[in-house]
Chemist: 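I have a structure here, written as structure tokens, and I will follow up with some questions on it.
These numbers were taken from a predicted model, which means no experiment stands behind them. Proteins get letters first, then strands, A, B, ... in listed order; numbering begins at 1 in each.
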Amino acid sequence: DIQMTQSPSSLSASVGDRVTITCRASQGISNYLAWYQQTPGKVPKLLIYAASTLQSGVPSRFSGSGSGTDFTLTISSLQPEDVATYYCQKYKSAPLTFGGGTKVEIK
Amino acid sequence: EVQLLESGGGFVQPGGSLRLSCAASGFTFTSYALSWVRQAPGKGLEWVSAISGSHIYTYYADSVKGRFTISRDNSKNTLFLQMSSLRAEDTALYYCAKLHLGVADHFDYWGQGTLVTVSS
């Protein structure tokens, strides 16, 4: 089975900073990768699918890139409401594995 | 508006059984695959199982294979998860999630979750 590894596991940044989260697949998955945001106490929310396609309604400060084994989620200008844990997820074939998560906090 | 409403969670002893339900509305139920995803307290997301719209195809995580059974009643727009031989490590918030289209896809809608606690 393909493993998904996120880094870092947590980060602290200032409002307005550019934030980058990495997700690595143990085997190539083309662009079959999604990103989710889970704010404290809330349900996960889809941000990006197909590695770089922004889900409707998601602010444009979020972007995704990558293909194959290495992927990136970028927040161009961190906002207070972005405090959350972010998860990547691979699809196209089962198991539908999630990364371990990256907790983003405000410095 | 897509809505997913889970029920059936509760407290159960190790070795026991529980059946979760997820009532769906706001989309053509038979056209979409559905899934269960769980989250242990303070931990990350773990995919559990998925079922195709026609319920022909089902998939399971290795951690639950042989103990959990996913099913759906397309006449009642309801998804189920029959859980047996429960273990302490099955303690989690169980989310029902709609897959974007196919049975191995990304999740575009999530329910609020139902809590399962396995303890003696």
Side-chain angles (χ1 to χ4, degrees), chain A residues 1-10 21 23 25 27 29-58 62 64 66 71 73 84-104, chain B residues 1-6 9 22 24 27 32-52 55-66 68 70 81 92-115:
Chain A
D1 293 345
I2 297 173
Q3 307 302 315
M4 305 301 294
T5 303
Q6 283 183 238
S7 61
S9 56
S10 66
I21 298 168
C23 178
Q27 297 175 39
I29 57 170
S30 185
N31 68 334
Y32 295 105
L33 185 100
W35 290 97
Y36 301 87
Q37 176 194 60
Q38 187 176 32
T39 53
K42 299 295 186 181
V43 173
K45 171 188 171 184
L46 175 65
L47 294 178
I48 287 168
Y49 60 94
S52 61
T53 302
L54 206 63
Q55 173 72 346
S56 176
V58 174
F62 291 93
F71 302 87
L73 172 69
T85 301
Y86 294 84
Y87 297 93
C88 62
Q89 177 235 335
K90 73 88 160 168
Y91 55 100
K92 183 61 175 177
S93 64
L96 307 178
T97 309
F98 290 91
T102 296
K103 188 175 183 179
V104 174
Chain B
E1 179 193 5
V2 172
Q3 292 194 350
L4 301 166
L5 184 61
E6 303 94 336
C22 172
F27 61 100
Y32 294 93
L34 294 168
S35 186
W36 291 96
V37 177
R38 68 185 181 183
Q39 187 167 34
K43 302 298 183 183
L45 300 171
E46 180 188 14
W47 172 74
V48 173
S49 183
I51 185 168
S52 60
H55 59 71
I56 290 175
Y57 301 104
T58 58
Y59 297 96
Y60 298 92
D62 285 345
S63 57
V64 307
K65 202 172 293 183
F68 290 11
I70 192 170
L81 185 68
L93 185 63
Y94 284 73
Y95 293 106
C96 167
K98 174 184 168 294
L99 289 149
H100 177 64
L101 189 61
V103 72
D105 211 326
H106 60 275
F107 308 98
D108 52 10
Y109 292 94
W110 299 65
Q112 294 297 312
T114 186
L115 183 62

Chemist: CD of A:Gln89 to CG of B:Leu45: how many Å apart, nearest 0.5 Å?
Modeler: 9.5 Å
Chemist: Hey, which of A:Trp35, A:Tyr32, A:Tyr36, A:Tyr49 is the one that makes ring pair (Phe, Tyr, Trp, His ring centres under 6.0 Å) with B:His106?
Modeler: A:Tyr49
Chemist: Considering only residues two or more places apart or on different chains, which pairs with a residue in residues 40-51 of chain B satisfy side chain to side chain donor-acceptor pair (under 3.5 Å)?
Modeler: B:Ser35-B:Trp47, B:Arg38-B:Glu46, B:Glu46-B:Ser63
Chemist: Which atoms of A:Lys42 come close to chain B, meaning under 4.5 Å heavy atom to heavy atom: side chain ones, backbone ones, both, or neither?
Modeler: backbone
Chemist: So what's closer than 4.5 Å to chain A heavy atoms on B:Val48: side chain, backbone, both or neither?
Modeler: neither
Chemist: How would you list, in number order, the residues of residues 95-104 of chain A that have a heavy atom less than 4.5 Å from chain B?
Modeler: A:Pro95, A:Leu96, A:Phe98
Chemist: Any donor-acceptor pair under 3.5 Å linking the side chain of B:Tyr95 with the backbone of A:Pro44?
Modeler: no
Chemist: Is it the backbone or the side chain of B:Leu93 that comes under 4.5 Å from a heavy atom of chain A, or both, or neither?
Modeler: neither
Chemist: What are the two closest non-hydrogen atoms of B:Ala104 and A:Ala94, and how far apart are they?
Modeler: CB-N, 4.2 Å
Chemist: Quick check on B:Tyr59 against chain A: is it the side chain, the backbone, both or neither that has a heavy atom closer than 4.5 Å?
Modeler: side chain
